[in-house]
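Just so it is clear: chains get the letters A, B, ... in the order the sequence lines come, proteins before strands, and each one is counted from 1.
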Amino acid sequence: MIETIRIGHLLREATSSPYRNLVTRPTGVAVRNRIEDALSRSDCLTALLDFSDIELLDFSCADEIVAKLLLTQASQRRRFMVLRGLRDDQHEAIEQVLRHHRLAVVAMVHGDEPLLLGWVSPDAREAFACMPRTGPSAPSDLARALGWPEPRMRAALDALALLLLIRPEDGWYHPLLVA
Amino acid sequence: MTRVIEVPTHFDDRSFEQFAAGFGNWPPEEKVLVDARGAQWASPYGLIGMLTAGQAIAEAKGERPLLTVPTTDEVKRYWARIGFFRHAAELFELHGRVPKASASGPSDVLLDVTPVRAMEDVHQVVEKITETASKILHGELGLERNATMRFSMALSESCQNIVEHAGTGGWVAVQVYTFRRRLGRRVAVIAVSDGGVGFRRSLESTHAKRFGERWGDGAALEAALIQGVSRFRDPGRGQGLAGIKGFLDRWKGKISIRSGTARLSIVPAWDDDLPLADHLAFFPGAQVQITIPAQEADSR
C-alpha cells in the first residue's frame, strides 16, 4: 500500500498561510512532524512525498524534512520513501543534504523515471541504474548485464536494500513502485 | 565630544573598512555623528552597514547617534526609495531634509532594506524576492531560467544565519547594479548584516579548542565558510553556506563575510580581493555580501 502525502498541503496547514516556499528550519520541523504524524496512523509500505505544490525548498528544509525523516524512519518502522514532483533546484538541495549525511532516497522525475538522490557507493549506483523500471530482477541477470561477478552485484543490491532504495523478496530485488 | 565618522563617497564593501575604522573602540564612548553629506553612491552593503552601526550603538545603550543626510538630491532620493531613511530614523537623529520615498521602488532594487528579526521575516523576504527577481536574474543577468530559486535559497540561508546565530536582529537588501571598477558587468548583490555576537563568539564554545592559539575572527570565518561547521551539535547544520558556495561556483560569483576584525572571501577570477583580510578595525556582528555577475555571452 502507498500513502501519498502532499507536502504543499502540510506546509499550508503548518504555517496557516498560503506559502508555497519551504524555507527555515522551524517550518521544516513543523512539516516533518505532520508527515510523521500521518505515517504513524498508516500501515503503508511506501510513503510517496509529493512536492509538486512547492516552489522553493532551501537546504535547511531539505535537511529537516527529507534527511531527518530518513534518519527517523531508519530507526523506527522500516518503510520505503519515494519523492515526487521535485524540480532541478530542489533535487540539488536534497542531493547535497543527503550526501552530507550519507543517506539516499529514490525520486521519481521526468515522467516517473527513478533517480537516486544522495550518497550510495558507485557499485550500488550502477546496479540501481541497471535495474528494470518494473518487475523484479535476479542478481545473476544484472551481474551478467554489467559483466560483474555475481557476489559483487549481490553486495551492491544488498547495499541498496539496506538503504530501502529497492525491495528484496525471495532472492529477487524489486524497484519501488509508486504507480 | 562627538566622534565624526565620514561616510565614504563611494560606499561599498571595500570602503566599508574606512567607515568601520572611524568608530575606534566598540562601543564608541563619544556621541557619534555619521556624516553622509559627501556620499555619492552606496551599495546595499554600505547602507545596511550604517544601520547595523546604529543598531549596535542602541543595543550597547550608547547615546543616540546623529546622521547627516547626503547633500545630493539624486543620492537622497535613492536612499529614500530603497527604504534606508525609514529605518535610519528609528536609530539615528537625522539631520537634513529627507525626501519622501516614492510609492514604487526603482527597478534595480530587488529587495529594499528589510529588517530580519525572526524566521517569519525570512519567509516574507523569500516570498517577495521570488515574485520580483526572475525577470532580472534570467533576462538581464543571463542566469539559467530557474536561477531565481537558487538565488532565493542563498538569500534564505543568509537571512536564517542572523536569526539563528546573531542573538539580535539584522538587515538585508538586494540590488542589481553595474560593477564598473572590478568587472564592467551588471551584478546582483545580496547584502546581509547584523550587529550580533559575530562568528567567533557564536562558534567559540564548540570549536575554539580545536584551533588552539589560531582561534580568532579569521579562524572562525574559516571554520564556518570553508569547513562548514556550526555551533549546533546537529550534524545536519552548516549546510547553508556550503550550498551557497555551490551556486556561486556555477555562477562565478563571490561571497565575502566580515565578522569582528576579519573578512574571508571566496574570490572568483574577475576579482582581486584578498581571500582573508585580518586585523581589520572591529565592527560588531557579521556582514555578508554575495555578488552574482551577469553571465558572459558564451556561457549563456
Side-chain angles (χ1 to χ4, degrees), chain A residues 8 11-12 14-32 51-72 74-75 85-103 105 109 117-119, chain B residues 116-134 137-138 143-165 172 190 227-232 234-251:
Chain A
L11 172 63
R12 285 187 289 280
T15 57
S16 306
S17 71
Y19 291 148
R20 289 161 59 93
N21 295 320
L22 265 176
V23 295
T24 79
R25 284 193 180 265
T27 303
V29 172
V31 170
R32 187 183 76 238
F51 285 80
S52 51
D53 289 344
I54 297 298
E55 283 285 319
L56 176 68
L57 173 69
D58 73 2
F59 298 104
S60 298
C61 269
D63 186 62
E64 287 296 341
I65 297 175
V66 182
K68 294 243 168 64
L69 204 55
L70 290 173
L71 289 167
T72 310
S75 64
L86 293 168
R87 287 197 321 267
D88 288 351
D89 49 289
Q90 296 167 340
H91 290 169
E92 287 172 14
I94 293 170
E95 172 83 11
Q96 179 186 310
V97 300
L98 294 186
R99 279 183 178 273
H100 180 83
H101 288 280
R102 292 174 80 90
L103 293 168
V105 73
V109 297
L117 297 179
W119 187 91
Chain B
V116 178
R117 299 184 181 113
M119 287 300 182
E120 177 59 24
D121 296 327
V122 181
H123 275 277
Q124 301 285 358
V125 162
V126 169
E127 289 288 317
K128 191 165 181 194
I129 206 83
T130 49
E131 282 171 14
T132 58
S134 178
L137 295 177
H138 176 64
L143 300 177
E144 69 274 14
R145 193 165 288 281
N146 57 0
T148 304
M149 293 301 157
R150 296 184 176 103
F151 187 84
S152 302
M153 285 162 77
L155 185 61
S156 166
E157 299 293 346
S158 304
C159 292
Q160 284 181 67
N161 278 338
I162 296 178
V163 182
E164 293 209 310
H165 303 286
V172 58
I190 297 173
Q227 298 168 16
V229 306
S230 162
R231 73 184 164 97
F232 296 103
D234 177 352
R237 295 297 185 124
Q239 296 186 67
L241 285 174
I244 293 171
K245 281 193 294 179
F247 298 150
L248 294 178
D249 189 45
R250 175 185 313 183
W251 294 331

Rounded to the nearest 0.5 Å, how far does CG of B:L155 lie from CG of A:L56?
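Here the interatomic distance stands at 9.5 Å.
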Between OG1 on residue A:T27 and NE2 on residue B:H123, distance to nearest 0.5 Å:
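A:T27 atom OG1 to B:H123 atom NE2 measures 2.5 Å (nearest 0.5 Å).
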Among A:L57, A:D89, A:T15, which residue forms the greatest number of heavy-atom pairs with chain B at distances under 4.5 Å?
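Answer, by heavy-atom pair count under 4.5 Å with chain B: A:D89.
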Of all the heavy-atom pairs spanning [X] and [Y], show the shortest one and how long it is.
X      : Y      : value
A:Q96  : B:G243 : OE1-CA, 3.1 Å
B:S156 : A:D58  : OG-OD2, 2.6 Å
B:Q160 : A:T24  : OE1-CA, 3.2 Å
B:R150 : A:D88  : NH2-CB, 3.9 Å
A:A93  : B:M153 : CB-CE, 3.5 Å

Between A:R99 and B:Q239, does the side-chain contact (heavy atoms from CB on, under 4.5 Å) criterion hold? Intermediate values first, please.
CA-CA 11 Å; A:R99 279 183 178 273; B:Q239 296 186 67; over 6 Å; no
Name the region of A:D63, side chain, backbone, both or neither, that has any atom closer than 4.5 Å to a heavy atom of chain B.
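The answer is the side chain of A:D63.
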Heavy-atom proximity to chain B below 4.5 Å, by part of A:R20:
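Backbone of A:R20 only, per the 4.5 Å heavy-atom cut-off to chain B.
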Which region of B:A242, side chain (C-beta onward) or backbone (N, CA, C, O), has a non-hydrogen atom less than 4.5 Å from a non-hydrogen atom of chain A, or is it both or neither?
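Both backbone and side chain.
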Answer with side chain, backbone, both or neither: which region of B:S152 has an atom nearer than 4.5 Å to a non-hydrogen atom of chain A?
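Its backbone and side chain both get close to chain A.
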Should A:E92 and B:R250 be marked as a side-chain contact (heavy atoms from CB on, under 4.5 Å) after you check the CA-CA gap, both sets of side-chain angles, and the distance that decides it?
CA-CA 13 Å; A:E92 287 172 14; B:R250 175 185 313 183; 3.1 Å; yes
Only pairs of heavy atoms separated by less than 4.5 Å count here; which of B:E144, B:E164, B:E127 has the most with chain A?
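Heavy-atom pairs under 4.5 Å are most numerous for B:E127.
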Between B:E157 and A:S60, is there a donor-acceptor pair closer than 3.5 Å when you use the side chain of the first and the backbone of the second?
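Checked: pair present.
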